[in-house]
Structures are given as C-alpha cells and as structure tokens.
Amino acid sequence: MKTIKVIFPLLGFCALLSLLPIGGKVRTDLWTSDFPDQNNYQFPDNFLWGAASAAQHIEHQQPSDWTSFERTVIAEGRTSTNPRPGYAIPGHINNLDAYPALVRLKKTNYDEMFDHDFSIAQTLGHNSHRFSISWARLFPRKGMVRPDKRGLAFYNEIFASLKAHNIQPLVSLFHFSTPDWFWEEKDGKRGWERDDAIHHFEMFVTAVVEAFGQHVSIWTTLNEPMTYVFNGYMEGIFPPLEQRDILGVAPVVAKLLEAHSRAYEIVHADANKRSKEVLVGIAKHTRAFEPLRTWAPLDRLSAATIDQAFIWDFLDAIQSGVMKLVNTDFELEIPQLKGTQDYVGINYYGRFYVESKLLDPAKPEIHFYDPNLPDEVRSDLDWAIYPHGFYQVLVAAHKRYGKPIYVLENGLADLKDNDKRRQQFLVTHLREIWNAINHAGADIRGYMHWSFIDNFEWAEGFTARFGLIKTEYDNEFKRVPRPSAYLYRDIIRSNGISSEVWNSYHKPHMD
Ligand code: BGC
C-alpha cells in the first residue's frame, strides 16, 4: 500500500507534466512514414548502389588490437554463449569458440575470395562498394615509417578487381581496429591518447592516399567514432575494454576529431596534386532515440539528450570546429576542424527506447525494443526495426548541415533462411530514402547495405548474420546469395522500387 500511495501522486504529476510544453523527443506510432503511395519510387540518376564491409570483419587476421582481443578471448575462454544475443558481455566474444581456428583466422576468407565476391556483386548490379583499409596490415610492426609492401600489394589487387568489375570503391580509413603496437604504453598513455597518436595516423593516411588516391573519390576518415568510444571506453565490450564516464572519454573524442581533421587535410592535399575531386566525411552511427513512455517528461528529455550526445555532438563539432558535450560545460576548440565534412555519412539500424529512472535520472535505461510490444519487428540482435526513424534522421541531417548524404550502412542481423525480414527491411528503408529526397529535398546520393556477406560481428562473434550473401563457414566459406540479394538486384536494375515490390514487402512482420 505504501508504494501505491507514493506512486499514484507521482504518476499524476508526470501525466500533468506531459501536458506542459516540455521539449524532448516524442514517440511515434508510425512504422513507415505515412506519405501517399505512388506507382513507382524512382531514384536519382547516378545513384550509388552497393554494400559495405570493413577489414576486421572479413579479412584474414592482421596484428591488430582486435586480433589480440580475439586470441586472448579464446586463450582465456571468454566466449560466453550469451543467452540473449545483442547484449554483449564486457571482455567476451559471443560463442567464438564454436567456430574452428581456421574460420577465426580467415574470417570470411575474403583474402582468397574477394575477386569472386566482386564478380557476384557485379552480377547483382552493384556499382559501388564500401570497405576499409587495415592500418595494421599496412603498418604491422612498431616503428615502421613505410607501409608494408605485401599490404600495399593486397589492396592494389582489391582496387584492380573492383575496377575490372566496374565497381566504384568507397574507402574508410579507421573502422574500429588499429595496429596492436598502438596500445603499447608511451609516456603513460595508450592508443589514441598517446602524444604521437596523430602522427602515426597521419603516416597511415598519407601512405594510403599516396598508394591508392587515384582510385578513390569518396573517403570516410572515421567509422562511427561515438560507437567506438561508447563500446570501447564506456561499456568495455570493444578494445581497449575500458569503462569510463562521459568526461573520462572526452580526451579520446577530441583526439578522434583531430584525427579526422588531419585526414581530411591529407586526403584533399593529395587530391589537389592529382587535380581530382574528392568528398571526405565520416560515417555516423544514428538511431531513433525515442521515449519509452511519451507521457513521462523525463523519458522525453533523456531521449533528446542522448540523441544530441550520441548522434549530433560529433557532427556538430566538425561543422563548428568546437567540441561540446551535452549537459556539461565542456568546450574545446579543435584547430582546423571547422567545416571539414564534404558529405554526411549516415549509418542507421533502428529505434532505441529511453526509459529514465527517477532515482537516478543521469542513468536512463536504453531498451533495444519495447518490452510491452511483443509483435514489434526486431532483428536477431533484438534491435527494433523502425523505417520511419530513418526518414527522420536523414531529414534532420539534411536540415542541420545542408550537405550531400551517403547512407554508408543500413541492415539487420537475420539468420532465417526465408530472409523475409531482410527483404522487408530493404524495401521499407529504401522507400524512406526516396521519401527524404522527394518530400524533404535531401540530397542523398548512395546506399551501402550492411553487409555484403555474413562476417565477424565484433563482440557478437560470427552469430549475427548481416549478409545479403550467406557465408557457409562449414562449407569452405561458400557464398550463397539470400533472396534479398536478388530483390536488391531488381531494385538496382530499375533504379527504383515498383508499387508491386512495395506492396509485397512493406508490411511489418516477424517471419
Ligand atoms: C558498425 C559495423 C557493424 C554494424 C552492425 C556498425 O555499428 O560500423 O562495423 O558491424 O554496425 O553492428
């Protein structure tokens, strides 16, 4: 009885507050945006259609921080089979020991199969492909001042194969993994916090543009810096496996901003020498952060704060040259950062629900899905699928920065052979891109589905399957295109979505 007495006035108070014009985010009941249907959803000419990957996901293991982590995890048995995929345990890689040493070493065996992969991509109509160049592959040993010749030769073959298959490369420079030696302590600091971190990153970027600058027009300096910081320095599920608070990660965020601005400058200087036009930006992880309970003002405000901190702070800093941390008085001007993005790279996976705790308002709980909605469409990682949120993010990015947008990642983990959810995901999210172009004037120029083939998914190991193409790990890494790969091919061929395709795939279901 005692609790009821306390809770009732509290609920009444919250209900009252929810009527006041308190800002914050609201939750929508939409799944897809409610624009009127058309006969056809035609995409702009020269739209880039492709898929994305990154080195540590697909390439043979290199001497990187992630490779060391993967090996330690096996040596120390930190491979808990997580009963709830999507909820990684700090310091563990889910179910990694279920895959043989050869798979752990070769990942997808891309090193031996990339030409085959690109020929499949070509037959599926892809005209572009996003991948990352491994820093550890070019600078495997401490103290190197020139890139490794075999590393250069490997990527030369990749660029040649892409060219032979008429596929335009989009290249990322930092996608979560670094050389292992980068973490040796120097003057009491490791990794990005070392005083010479930027110097080493500059050496890597310079080597990449000198060797491959002629092949690349769209560069991504950093992939999802805030995901990296969050997972690596706050949650402890990515190397360096630390758990700090928000102010504790500020020096790392500042270093990443500086790394971006230096890379921007180096890539442009190289392109100028070649009289080549390039676009340089970052890939930003976005989500639709919405209140779990719209009636709870604190949920709405917390959702808005997280949205700003996780999505926009980093991009705003690049735009303004000043790094800020929402809800703190932290402000730091980063030299030569201002305006260093030629496009905005958007990665989008779905909706997160924010539930604030009255007793600890600074630590709201983030739900991957709404526990009260049993039928909500979710991926195998439990992430709530929410195409309308994609529209909102694209339009927000367009309004904030007025720059071209490339969707650099969008996809879901779905192991089921019927592949229904992936087909539904693809069609509904592409329609939201069409909506953002046609109803909000966003200049969206390309779509890279995540991912091309199933691969090693960080702390989730090999269990989360993101590929348009299935990788048969127990059958010599055979590639088997899923139905969505063919559906995507048909969309690419017609450079649009027909009303038949839309009608067949847009209804939310969990099949
Ligand atoms: C990352 C990818 C990752 C994907 C799915 C993004 O956060 O950039 O490396 O595999 O999401 O989790």
Side-chain angles (χ1 to χ4, degrees), residues 50-59 64-67 69-70 82 84-88 93-94 96 107-108 110 129-135 170-178 220-235 237-239 256 260 281-289 310-311 314-315 344-352 366 368 378-386 389-390 393 406-415 421-422 425-426 429 447-469 471:
S53 71
Q56 194 75 25
H57 286 281
I58 54 172
E59 292 183 12
S64 72
D65 54 346
W66 262 93
T67 298
F69 176 42
E70 289 157 31
N82 199 334
R84 300 178 74 196
Y87 302 82
I93 298 180
N94 192 20
L96 189 60
K107 299 286 175 58
T108 62
Y110 168 82
H129 189 76
R130 174 180 178 229
F131 64 100
S132 77
I133 292 190
S134 160
W135 183 0
L170 276 71
V171 170
S172 316
L173 293 164
F174 170 65
H175 192 127
F176 297 170
S177 62
T178 71
T220 302
T221 57
L222 309 176
N223 178 68
E224 300 194 351
M226 294 310 280
T227 311
Y228 172 72
V229 168
F230 184 72
N231 286 344
Y233 289 86
M234 296 180 84
E235 291 284 287
I237 58 173
F238 281 18
L256 290 171
H260 161 77
I282 67 159
K284 189 71 200 66
H285 189 105
T286 63
R287 294 268 173 173
F289 290 103
F310 191 72
I311 304 183
F314 203 91
L315 290 169
V344 182
I346 297 289
N347 297 357
Y348 176 83
Y349 288 91
R351 165 151 65 181
F352 278 170
I366 311 276
F368 288 1
R378 310 201 294 265
S379 77
D380 289 352
L381 293 178
D382 261 355
W383 298 349
I385 306 306
Y386 181 45
F390 191 28
V393 157
Y406 287 89
V407 174
L408 296 177
E409 285 182 31
N410 175 237
L412 87 169
D414 179 9
L415 183 64
R421 270 179 301 163
R422 188 173 281 103
F425 186 100
L426 186 66
H429 285 78
Y447 175 81
M448 301 297 122
H449 188 82
W450 187 273
S451 185
F452 187 57
I453 50 177
D454 289 340
N455 55 51
F456 171 73
E457 171 58 30
W458 310 116
E460 294 299 337
F462 291 96
T463 40
R465 302 297 174 94
F466 275 93
L468 290 166
I469 315 272
T471 304

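What's counted below: heavy atoms across the whole structure, side chains too, no hydrogens, waters or symmetry copies. Both counts, for ligands and for their atoms, begin at 1 and track the order of listing. No experiment lies behind these values; they were computed from the predicted model shown.
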Say whether Gln56 and Ser132, considering side chains only, have a donor N or O and an acceptor N or O under 3.5 Å apart.
no

Measuring from non-hydrogen atoms of Glu460 to any atom of ligand 1, is the shortest distance under 4.0 Å?
no

Under a 4.0 angstrom heavy-atom cut-off, which atoms of ligand 1 come close to His285?
7 (O)

Answer with side chain, backbone, both or neither: which part of Asn223 has a heavy atom less than 4.0 angstrom from an atom of ligand 1?
side chain

Verify whether the ring centers belonging to Phe452 and Phe131 lie closer than 6.0 Å.
no

So if I count the atoms of ligand 1 from 1 in the order they appear, which ones are less than 4.0 Å from some heavy atom of Glu457?
3 (C), 5 (C), 10 (O), 12 (O)

Sub-6.0 Å ring centroid separation between Trp458 and Phe238
yes

Which protein non-hydrogen atom lies closest to atom 7 (O) of ligand 1, naming both residue and atom, and how far is it?
Glu224 OE1, 2.4 Å

min-distance protein heavy atom vs atom 6 (C) of ligand 1 -> Glu409 OE1, 3.0 Å

Polar contact flag, side-chain donor to acceptor under 3.5 angstrom, Glu59-Ser134:
no

To which protein heavy atom is atom 4 (C) of ligand 1 closest, and what is the distance rounded to 0.1 Å?
Tyr349 OH, 3.2 Å

Residue portion contacting ligand 1 (non-hydrogen atoms closer than 4.0 Å) for Trp383
side chain

Classify the side-chain pair Arg130/Ser172 by whether it contains a donor and acceptor separated by less than 3.5 Å.
yes

Give me the one residue out of Tyr348, Tyr447, Tyr349 that meets side chain to side chain donor-acceptor pair (under 3.5 Å) with Asn410.
Tyr447

